[in-house]
*Asks:* 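Sharing a structure, written as structure tokens. Questions coming.
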Amino acid sequence: MAVTHAHVKTRPFEHHVLDFLAYLEFERGLSRNTLEAYRSDLLQFGHFLVRNDLDATTLTHTELARFLAELAAGGDERPAVAPATIQRKTACLRSFYRHLRREEIIDHDPTADLRAPRKSQRLPQVLTRDEVAVLLAAPRGHEPAALRDRALLELMYACGLRASEAVDLTVAGVDLTAGIVRARGKGSKERLIPVGRQAVAAARTYLEHGRPKLVGMRDERHLFVNHRGAGLTRQGLYKIVQRHARAAGLEGRMSPHTLRHTFATHLLAGGCDLRSLQEMLGHADVATTQIYTHLSADRLKDVYFKAHPRAGAGTAPTDD
């Protein structure tokens with residue numbers, strides 16, 4: 001069916017973007033971070049349209065492919081974009097054009113045959129049990145900030161929290177008596193995660209002896225706060241993790257997300273089933289969780305080749 005809304009087609013690109021973002025926020029319930037990533041990707045796409053005097057509603061598949069090719073190639077003023085990032089931008093464009101098609105603003109979707117470069121299968125960094133122990137012991141002393149940092153690192157490792165989930169935790173969302181944390185993940189989906197004994201102890205010490213001194217008279221709902229008593233930001237969390245990673249000799253080897261990867265890999269190695277792990281990580285699709293089976297297999301191979309007396313490179317075959 002041909003599109004009849006000619007006046008809608010002539011609206012500026014920015015109008016279509018705002019309408020699309022409103023749809024994602026109010027109808028799909030996507031998180032602030034995801035919305036900001038979509039907005040940023042579409043802003044970059046808008047610059048491409050202006051530079052080449054193109055209209056988003058009449059764009060062809062070839063022109064879209066050229067936009068992605070330019071990103072992949074880079075230029076004098078900008079570095080080449082990584083395949084994983086191009087994959088994300090391609091997904092954003094697909095979603096945007098599906099929305100325009102749904103709204104009958106276009107009658108053909110130019111992203112229908114669009115192919116992004118294959119995403120790198122590089123596996124995430126994971127810490128050993130000993131490295132985790134050194135990291136969790138890095139916040140020393142009984143100052144409020146040290147108690148906060150210890151509780152933060154313990155909870156992130158105990159629950160496999162994303163950085164955004166850790167900073168969004170509320171005091172009311174942590175039930176230390178029951179040993180349960182209520183985390184709000186992607187798309188504002190809420191999930192309950194069990195908390196182990198050591199993380200419970202660290203959180204309790206922080207709540208009783210650290211947080212009251214940091215918060216003072218403020219009415220603050222967030223569990224983790226900065227030195228002014230306001231809720232911790234993602235940037236603040238990142239600095240805390242990096243500081244203690246340096247102290248533990250892990251600088252350059254980890255980020256806040258490394259604790260999440262480590263949580264998942266250690267649980268699988270300990271016998272946790274994939275479906276339960278999917279629930280605890282808050283993955284919508286079990287296929288996303290399956291990357292950790294590869295990590296565990298790699299770790300098993302490392303252990304095998306180091307431990308088995310006949311697995312080494314110099315082992316000669318026998319006749320029997």
*Asks:* Would you say the side chains of Arg148 and Asn226 form a donor-acceptor pair under 3.5 Å?
*Replies:* no
*Asks:* For Tyr97, does the six-membered ring have the charged nitrogen or CZ of Arg102 within the cation-pi criterion, i.e. under 6.0 angstrom from the centroid and within 45° of the normal?
*Replies:* no
*Asks:* Does the side-chain contact (heavy atoms from CB on, under 4.5 Å) test come out yes or no for Thr258 and Arg253, once each step is laid out?
*Replies:* CA-CA 9 Å; Thr258 305; Arg253 286 206 41 222; over 6 Å; no
*Asks:* As a quick check of understanding, evaluate salt bridge (charged side-chain N to carboxylate O under 4.0 Å, His left out) for Asp149 and Arg243, giving each step before the final call.
*Replies:* CA-CA 10 Å; Asp149 295 358; Arg243 183 167 71 249; 3.0 Å; yes
*Asks:* Spell out, as yes or no, whether a donor-acceptor pair under 3.5 Å connects the side chain of Glu220 to the backbone of His222.
*Replies:* yes
*Asks:* Report yes or no: does Thr90 contribute a side-chain atom to a donor-acceptor pair with the main-chain N or O of Ile86 at less than 3.5 Å?
*Replies:* yes
*Asks:* So which heavy atom on Pro194 is nearest to which on Cys159, and how close?
*Replies:* O-SG, 3.9 Å
*Asks:* What's the verdict on side-chain contact (heavy atoms from CB on, under 4.5 Å) for Val132 and His266, showing C-alpha distance, side-chain angles and the deciding distance?
*Replies:* CA-CA 11 Å; Val132 170; His266 289 183; 4.0 Å; yes
*Asks:* Quick one: are Leu192 and Val181 in side-chain contact, heavy atoms under 4.5 Å?
*Replies:* no
*Asks:* Would you give the length of the straight line joining atom CD1 of Ile106 to atom NE2 of His99, rounded to the nearest 0.5 angstrom?
*Replies:* 10.5 Å
*Asks:* Hey, are Arg150 and Glu154 close enough for a salt bridge, meaning a charged N less than 4.0 Å from a carboxylate O?
*Replies:* no
*Asks:* Is Met156 reachable from Leu176 through a run of I, L, V, M, F, W or Y residues, each pair having side-chain heavy atoms under 4.5 Å apart?
*Replies:* yes
*Asks:* Return the minimal non-hydrogen interatomic distance between Leu24 and Leu35, and the atom names on each side.
*Replies:* CB-CD2, 3.6 Å
*Asks:* Please confirm whether Tyr38 and Phe96 have ring centers closer than 6.0 angstrom.
*Replies:* no
*Asks:* State whether the side chain of Glu131 and the backbone N or O of Ala248 hold a donor-acceptor pair below 3.5 Å, judged by distance alone.
*Replies:* no
*Asks:* Measuring from Leu49:CG to Leu59:CG, what's the distance to the nearest 0.5 Å?
*Replies:* 6.0 Å
*Asks:* Is it the case that the side chain of Arg162 and the backbone of Gly185 share a donor-acceptor pair, with hydrogens and angles ignored and the cut-off at 3.5 Å?
*Replies:* no
*Asks:* Under a 3.5 Å cutoff, is there a donor and acceptor pairing between the side chains of Thr60 and Glu63?
*Replies:* yes
*Asks:* Identify whether the distance between the nearest side-chain nitrogen and carboxylate oxygen of Glu165 and Arg184 falls below 4.0 Å.
*Replies:* no
*Asks:* Taking Ser40 for the side chain and Ala37 for the main chain, is one N or O donor matched with an acceptor at less than 3.5 Å?
*Replies:* no
*Asks:* Please check if Leu30 and Leu21 belong to a single hydrophobic cluster, counting links between Ile, Leu, Val, Met, Phe, Trp and Tyr side chain heavy atoms closer than 4.5 Å.
*Replies:* yes
*Asks:* Any donor-acceptor pair under 3.5 Å linking the side chain of Asn52 with the backbone of Leu54?
*Replies:* no
*Asks:* Suppose we call two aromatic rings close when their centres sit under 6.0 Å apart. Are Phe263 and Tyr157 close by that rule?
*Replies:* no
*Asks:* Verify the cluster assignment for Leu237 and Val171: are they in a single hydrophobic cluster under the rule of side-chain heavy atoms below 4.5 Å apart?
*Replies:* yes
*Asks:* About how many Å separate CG of Leu155 and CG of Leu161, when rounded to the nearest 0.5 Å?
*Replies:* 6.5 Å
*Asks:* Are Ile193 and Ile180 packed together at the side-chain level, in the sense that at least one heavy-atom pair is separated by less than 4.5 angstrom?
*Replies:* no
*Asks:* Would you say Leu169 ends up clustered with Leu207 if hydrophobic residues are merged whenever their side chains have heavy atoms under 4.5 Å apart, either directly or through other cluster members?
*Replies:* yes
*Asks:* Would you indicate whether the side-chain heavy atoms of Leu223 and Leu152 approach each other to under 4.5 Å?
*Replies:* no
*Asks:* Measure the CG-CZ distance between Leu135 and Arg246 for me, rounded to the nearest 0.5 Å.
*Replies:* 12.5 Å
*Asks:* Apply side chain to side chain donor-acceptor pair (under 3.5 Å) to residues Ser31 and Thr34 and explain how you reach the verdict.
*Replies:* CA-CA 5 Å; Ser31 70; Thr34 305; 3.0 Å; yes
*Asks:* Is the closest side-chain heavy-atom distance between His209 and Arg204 below 4.5 Å?
*Replies:* no
*Asks:* With rounding to the nearest 0.5 angstrom, report the CG to NE2 distance, Leu232 to His227.
*Replies:* 11.0 Å
*Asks:* Without swapping roles, check the side chain of Arg182 against the backbone of Gly173 for a donor-acceptor pair under 3.5 Å.
*Replies:* no
*Asks:* Can you give me the closest heavy-atom contact between Arg234 and Ala163, atom names plus distance?
*Replies:* NE-CB, 4.4 Å
*Asks:* Could you report the tightest heavy-atom contact between Arg218 and Ala230, atom names first, then the distance?
*Replies:* NH2-CB, 3.6 Å
*Asks:* Within the side chain of Thr265, is there an N or O that forms a donor-acceptor pair under 3.5 Å with the backbone of His261?
*Replies:* yes
*Asks:* Could you give me the CA-CA distance, side-chain angles and deciding distance for Val167 and Thr233, then say whether side-chain contact (heavy atoms from CB on, under 4.5 Å) is met?
*Replies:* CA-CA 6 Å; Val167 297; Thr233 62; 6.0 Å; no
*Asks:* Under 4.0 Å between a side-chain nitrogen and a carboxylate oxygen: does that hold for Arg101 and Asp109?
*Replies:* no
*Asks:* For Ala172, is there any backbone N or O sitting under 3.5 Å from a side-chain donor or acceptor partner on Arg221?
*Replies:* no
*Asks:* Please check if the side chain of Thr262 supplies one atom and the backbone of Leu127 the other of a donor-acceptor pair under 3.5 Å.
*Replies:* yes
*Asks:* Going by distance alone, is a donor N or O of one side chain under 3.5 Å from an acceptor N or O of the other, for Asp130 and Thr128?
*Replies:* no
*Asks:* Locate the shortest heavy-atom distance separating Pro144 from Leu214; write the atom from each residue and the value.
*Replies:* CB-CG, 3.7 Å
*Asks:* Please determine if Glu36 and Arg39 form a salt bridge, counting it only when a charged side-chain N lies under 4.0 Å from a carboxylate O.
*Replies:* yes
*Asks:* Looking only at heavy atoms, which two atoms of Tyr238 and Pro256 are closest? And how far apart?
*Replies:* CD1-CD, 3.6 Å
*Asks:* Quick check for you: to the nearest 0.5 Å, what is the distance between Leu68 atom CG and Gln87 atom CD?
*Replies:* 10.5 Å
*Asks:* For the residue pair Phe45 and Phe48, does the interplanar ring angle fall in the parallel (under 30°), tilted (30 to 60°) or perpendicular (over 60°) class?
*Replies:* parallel
*Asks:* Starting from the C-alpha separation in whole Å, work towards a yes-or-no answer on side-chain contact (heavy atoms from CB on, under 4.5 Å) for Gln44 and Leu71.
*Replies:* CA-CA 10 Å; Gln44 187 176 34; Leu71 293 178; 3.4 Å; yes
*Asks:* Side-chain heavy atoms nearer than 4.5 Å, only ILVMFWY residues, links allowed to pass through others: does that put Val241 and Val134 together?
*Replies:* no
*Asks:* Any chance CZ of Arg32 has more than 12 other-residue heavy atoms, nucleotides or ligands included, within less than 6.0 Å?
*Replies:* no
